[in-house]
Amino acid sequence: MNKNCTHPSLQCLNQYDLIRKYQCEFCKEVMMCTCDREHGERFLPHQLKFGSWYGSRERVPVTLGFQDNTCPECRGEKPEAAPKAPMHGATSKIARYYWREIFFETTKRFYDSHPEIDPNERGLSEFSFPEERRLIEKQVIEEIKDLHEISPKYQYNELSQSEVISQTNTEFVLVNVEHVKTEERKVGIRDDNEIVTVEEFASRYFKRLGYSVMHVESVPFHVLFGVFMFLVIQDIGDEKGRFVQFGSRNDFDSGRSDEGPISTVLPDDFGRKSYYERQKELVNWHISELDDPEWLFDYWLGHSSDFRQYLWAHRDSDVSKAKEVMRVLGLENLKKVLHYLSMDYWGNFCGWPDLLVHNDDEIRFVEVKSKNDKLSEDQKNWLLGNHAHMGFNATIFKVGKA
Ligand SMILES: [Zn+2]
Ligand SMILES: [Zn+2]
């Protein structure tokens, strides 16, 4: 450890944290920015000791507490935008980009006007007064909106859903059907005399067209990545290798502690674009040499266990689904998937579509959307990445209201 390190390059552990933590790439110390100190100590004292990495959720202690000039803004750099996915009541760009600023300011104003309430005592909190809190929040949003007009802190650089669809030649299917409210107050779709979910409705639609249908989403692809890439990623000759320790995911699932913590070696830039830049040759050679995936899958499954646990790609149901996906894809398509994930694992691991549909002639990824549902940023990222790097056929299947 170097006491004189000036922390020239800092990596944010998780952009979605309220009090963000940063790790120095050189001395590896973890710290927070002084500009968050007042708010953190007053309202979130229990969030100042540990941080966890986005993606792996690996927990790391904050070793240096608050330090000056840590966040990009205090360092005079452009703050990185971390927009939240559109949610109920928070679909505007202001609410999605400035969620942290809005939350901080709303909390502060609430407790400033209620000195009798201790934010760190159990019992009453700002959320005990939803109506009053909502009014304060509305006021804060209005003010940030005005401020954004004059000097925007974040640049909105997202493509709209329709821009993404047209740029990626994604097929768009709209089927209008009768919607019904079910007992669990979920949306149901009438299909002949049955009430089914939106996903099930889409699945039946493709089966009637002669396709076989698998529900996939992202995790089976994480399994494939873990099984086929652990040898390269965990290469013992990698100078950037370091020990990581994390809680067993099997223990997490069972609620017991049979396995205890897992220690394994990973490069400290794993999952970033910079990792791929550094190891491109090795990664591409490894992928190009893959052969007989059926045999390799079984052979490497056990050996890749630690790495797959790290990726949360450990569950038996996901493993068997991954094997099915591998068979449907075939070797050449599998290689495309592995390459796409290797390029930027934490950037590309989310947003995989709901369904993989296939027949003898075609493989197609299908994202299912109900009537008010829009593509998330992760899903847009997948469609753009697929178009640029994998080239699978893609469909957005939207169930509208008749
Ligand atoms: Zn440092
Ligand atoms: Zn700062």
Side-chain angles (χ1 to χ4, degrees), residues 1-56 58-84 94-109 111-112 119 140-141 143-148 150-157 238-245 265-275 277-278 346:
M1 184 183 5
N2 178 359
K3 283 237 158 67
N4 300 317
C5 183
T6 56
H7 318 311
S9 179
L10 292 160
Q11 187 93 36
C12 183
L13 270 60
N14 183 353
Q15 297 279 1
Y16 298 101
D17 272 342
L18 279 166
I19 304 295
R20 290 175 177 156
K21 284 90 187 175
Y22 300 83
Q23 186 177 49
C24 173
E25 278 188 42
F26 295 90
C27 67
K28 307 292 172 200
E29 303 287 348
V30 178
M31 64 206 85
M32 304 168 291
C33 191
T34 310
C35 68
D36 282 338
R37 177 172 213 143
E38 196 186 327
H39 192 92
E41 288 179 345
R42 183 171 170 198
F43 300 113
L44 301 160
H46 52 286
Q47 289 187 20
L48 310 181
K49 297 268 185 296
F50 285 91
S52 50
W53 285 101
Y54 175 71
S56 71
E58 182 193 341
R59 229 161 96 92
V60 286
V62 177
T63 50
L64 293 184
F66 291 99
Q67 298 288 321
D68 289 345
N69 301 326
T70 297
C71 78
E73 218 184 346
C74 292
R75 279 183 280 156
E77 295 160 17
K78 217 171 76 69
E80 208 180 311
K84 287 228 164 171
I94 290 283
R96 294 180 37 239
Y97 275 74
Y98 288 90
W99 57 274
R100 210 166 148 268
E101 289 80 359
I102 293 168
F103 195 83
F104 279 8
E105 190 56 28
T106 304
T107 298
K108 184 172 152 10
R109 285 190 200 179
Y111 290 106
D112 281 351
V140 170
I141 290 175
E143 289 172 23
I144 290 182
K145 208 182 271 174
D146 291 344
L147 212 60
H148 179 79
I150 304 158
S151 79
K153 178 171 177 179
Y154 302 114
Q155 232 73 47
Y156 301 153
N157 50 8
D238 190 339
E239 63 194 12
K240 291 231 171 201
R242 60 168 178 144
F243 267 103
V244 292
Q245 202 181 54
V265 174
L266 274 177
D268 67 8
D269 54 357
F270 165 67
R272 306 205 194 116
K273 284 187 187 131
S274 56
Y275 169 82
E277 278 311 309
R278 194 169 63 77
W346 295 132

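If you read the sequence from its start, that first residue is 1, and numbering goes on from there. All heavy atoms count here, side chains included; hydrogens, waters and symmetry mates do not. For ligands, and for the atoms within them, numbers begin at 1 and follow the listed sequence.
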Open item on the list: Run the side-chain hydrogen bond (donor to acceptor under 3.5 Å, both in side chains) test on E29 and Y22 for me, step by step, so that the C-alpha distance in whole Å, both residues' side-chain angles and the decisive distance to 0.1 Å come before the verdict.
Closed with: CA-CA 8 Å; E29 303 287 348; Y22 300 83; over 6 Å; no

TODO: Taking atom CZ of R59 as the centre, report whether more than 12 heavy atoms of other residues, nucleotides or ligands fall under 6.0 Å from it.
DONE: no

TODO: Apply side chain to side chain contact (heavy atoms under 4.5 Å, CB included) to V62 and K49, showing your working.
DONE: CA-CA 5 Å; V62 177; K49 297 268 185 296; 5.9 Å; no

- [ ] Using 2.8 Å as the cut-off, note every protein N, O or S atom close to the Zn ion (ligand 2).
- [x] C33 SG, C35 SG, C71 SG, C74 SG

Task: Y97 and Y154 aromatic ring geometry - parallel, tilted or perpendicular at 30°/60° bounds - done: tilted

TODO: Go through Y98 and H148 one step at a time and tell me if the ring-ring contact (aromatic ring centres under 6.0 Å, His included) criterion holds.
DONE: CA-CA 10 Å; Y98 288 90; H148 179 79; 5.5 Å; yes

TODO: Give a rough value, rounded to 10 degrees, for the angle at the Zn ion (ligand 1) between atoms SG of C5 and SG of C27.
DONE: 110°

- [ ] Specify which N/O/S atom of H7 comes nearest to the Zn ion (ligand 1), by atom name.
- [x] ND1

Open item on the list: Name the residue from Q47, R100, K21, R20 that meets the side-chain hydrogen bond (donor to acceptor under 3.5 Å, both in side chains) definition with D36.
Closed with: R100

TODO: Over all heavy atoms of both residues, which pair between M32 and T70 is shortest? Give the atoms and the distance, please.
DONE: O-OG1, 3.6 Å

